Number of protein chains: 2
Amino acid sequence: MSISSRFAVGIHILALIKLNNEGVTSSEFLATSVNTNPAVIRKLMGMLKKAGLIEVHPGIAGAKLAKELSCITLFDVYKAVNVVQEKELFSIHESPHPDCPVGRNIQNTIEPLFTAAQLAMEKVLRNVTLEDVVRDIATKENIC
Amino acid sequence: MSISSRFAVGIHILALIKLNNEGVTSSEFLATSVNTNPAVIRKLMGMLKKAGLIEVHPGIAGAKLAKELSCITLFDVYKAVNVVQEKELFSIHESPHPDCPVGRNIQNTIEPLFTAAQLAMEKVLRNVTLEDVVRDIATKENIC
DNA sequence: ATACATGTAATTGATATTGTTACAGATAAA
DNA sequence: TTTATCTGTAACAATATCAATTACATGTAT
């Protein structure tokens with residue numbers, strides 16, 4: 001199991017909109033950099049737009065950031081592209097047998113443990129901004 | 001996306017072997033409590049056995065714990081049932097375009113961030129033992 | 001020998017992912 | 001107003017994973 005690459009591609013899109021600030025960041029331009037199909041990018045752009053992270057308009061080429069990158073965390077992107085639902089990183093088997101002490105309690109016992117693990121992961125995502133990501137790319141490129 | 005319920009079922013199996021200590025914990029007995037097929041349980045028993053968590057023998061009914069439950073963490077089960085590979089909780093798109101500053105750096109920039117998030121989640125799993133799980137079930141049952 | 005258990009492979013149905021094609025609708029420019 | 005270009009979106013296919021199911025080989029005890 002792996003969390004969908006929509007998350008990584010979403011980060012890619014936002015970073016590239018920023019670094020291509022002067023140019024026009026169309027779905028085709030993004031698709032070339034990501035190495036995928038423009039329609040895939042447009043679907044993701046729709047999700048990022050719905051989450052208030054970018055501005056896109058039908059008929060008008062190019063996406064723009066709707067916020068400062070320092071105000072967008074990886075968690076925001078993760079939620080925007082809908083890769084993992086709340087409390088559902090781990091799945092728990094349904095309908096265990098109620099006549100068994102383990103069967104009738106396992107779900108309630110495990111659920112908070114799984115949720116805690118998921119929240120710990122998400123906390124890390126909350127502590128990284130897209131500005132951090134772009135800065136790292138810039139450093140690797142010796143842009144600054 | 002969700003992590004396979006093999007993980008939750010693996011925990012269920014270990015807890016039930018413990019609470020059924022006096023009885024014979026066969027794959028059919030476990031399957032009834034989990035509410036699945038005995039062959040599914042046997043596959044999981046094979047994984048738990050391979051990881052050194054339980055003892056099972058062909059032709060001999062019932063599984064036994066190979067370790068104290070206090071020495072088995074949720075992380076041990078998680079690894080045993082093979083639900084998430086190292087550094088692969090999040091997937092990253094392959095072959096982004098090398099002629100783009102973002103394309104040629106995104107993987108190296110993102111990978112350590114994703115790994116850190118995964119490790120934070122796994123750390124929580126390391127800090128819970130199967131003894132904790134069984135104790136919680138026992139408490140809910142007023143067994144002790 | 002038999003009865004019964006585990007070990008394991010093959011198959012199926014359901015679901016998610018990613019890519020692809022096609023086209024409607026919006027916009028700008030000629 | 002016509003044309004070109006872009007976004008928005010739906011439909012579809014290919015692939016992968018999951019979970020259940022069936023079947024059967026193998027091992028053990030009586």
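Values reported hereafter were calculated over all heavy atoms of this structure, with side chains retained and with hydrogens, waters and symmetry mates removed. The model shown is predicted, which means the values in this text are computed figures rather than measured ones. Proteins come first, then strands; the chains are lettered A, B, ... in the order of their sequence lines, and each starts at number 1.
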Rounded to whole angstroms, how far apart are [atom1] on [X] and [atom2] on [N]?
| X | N | atom1 | atom2 | value |
| --- | --- | --- | --- | --- |
| A:Asn37 | C:dG19 | CG | P | 8 Å |
| B:Met47 | D:dA19 | CE | P | 11 Å |
| A:Ile41 | D:dT7 | CD1 | P | 11 Å |
| B:Met1 | D:dT15 | CE | P | 24 Å |
| A:Leu48 | D:dT7 | CG | C1' | 14 Å |

Heavy-atom side-chain contact between A:Val133 and B:Leu113 under 4.5 Å: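 SC-SC contact between A:Val133 and B:Leu113 confirmed.
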Within residues 4-18 of chain B, find the residues that approach DNA chain D with a heavy atom at under 4.0 Å, and present them sorted by residue number.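 Contacting residues: B:Ser4, B:Ser5, B:Arg6.
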Within residues 86-100 of chain A, find the residues that approach DNA chain D with a heavy atom at under 4.0 Å, and present them sorted by residue number.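 The answer is none.
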Return the [atom1] to [atom2] distance between [X] and [Y], rounded to the nearest 0.5 Å.
| X | Y | atom1 | atom2 | result |
| --- | --- | --- | --- | --- |
| B:Leu14 | B:Leu53 | CG | CG | 6.0 Å |
| B:Leu16 | A:His97 | CG | NE2 | 12.0 Å |
| A:Ile106 | A:Ile92 | CD1 | CD1 | 8.0 Å |

Nearest heavy atoms of B:Met121 and A:Met121, plus distance in Å: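 Smallest interatomic distance, heavy atoms only, reads CB-CB, 3.6 Å.
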Can you name the nearest heavy-atom pair linking A:Val81 to A:Arg6, along with the distance?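 Result for this residue pair: O-NE, 3.1 Å.
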Quick test of your reading: applying ring pair (Phe, Tyr, Trp, His ring centres under 6.0 Å), list the pairs with at least one residue in residues 110-131 of chain A, sequence neighbours left out, ordered by first then second residue.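 Residue pairs with at least one partner in residues 110-131 of chain A: A:Phe90-A:Phe114, A:Phe114-B:Phe7.
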Any chance you could list the contact pattern along nucleotides 2-14 of chain C? Use B for base contacts, S for sugar-phosphate-only contacts and - for none, protein heavy atoms under 4.0 Å, 5' to 3'. ---BBBB------
Partners passing side chain to side chain contact (heavy atoms under 4.5 Å, CB included) against B:Ile60 (at least two apart in sequence or in another chain):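 If we apply the side chain to side chain contact (heavy atoms under 4.5 Å, CB included) test to B:Ile60, skipping adjacent residues, the hits are B:His57.
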Do NZ/NE/NH1/NH2 and the carboxylate oxygens of B:Arg104 and A:Glu141 come within less than 4.0 Å?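 A salt bridge links B:Arg104 with A:Glu141.
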Tell me which donor-acceptor pairs under 3.5 Å the side chains of residues 124-131 of chain A have, and how far apart each pair is, sequence neighbours excluded?
| unit_1 | atom_1 | unit_2 | atom_2 | d |
| --- | --- | --- | --- | --- |
| A:Asn127 | ND2 | A:Lys123 | O | 3.4 |
| A:Thr129 | OG1 | A:Glu131 | N | 3.2 |
| A:Thr129 | OG1 | A:Asp132 | N | 3.1 |
| A:Thr129 | OG1 | A:Asp132 | OD2 | 3.3 |

Between B:Thr73 and B:Asp76, do the side chains contain an N or O donor and an N or O acceptor separated by less than 3.5 Å?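 Their side chains do contain a donor-acceptor pair, which is all the 3.5 Å distance test asks for.
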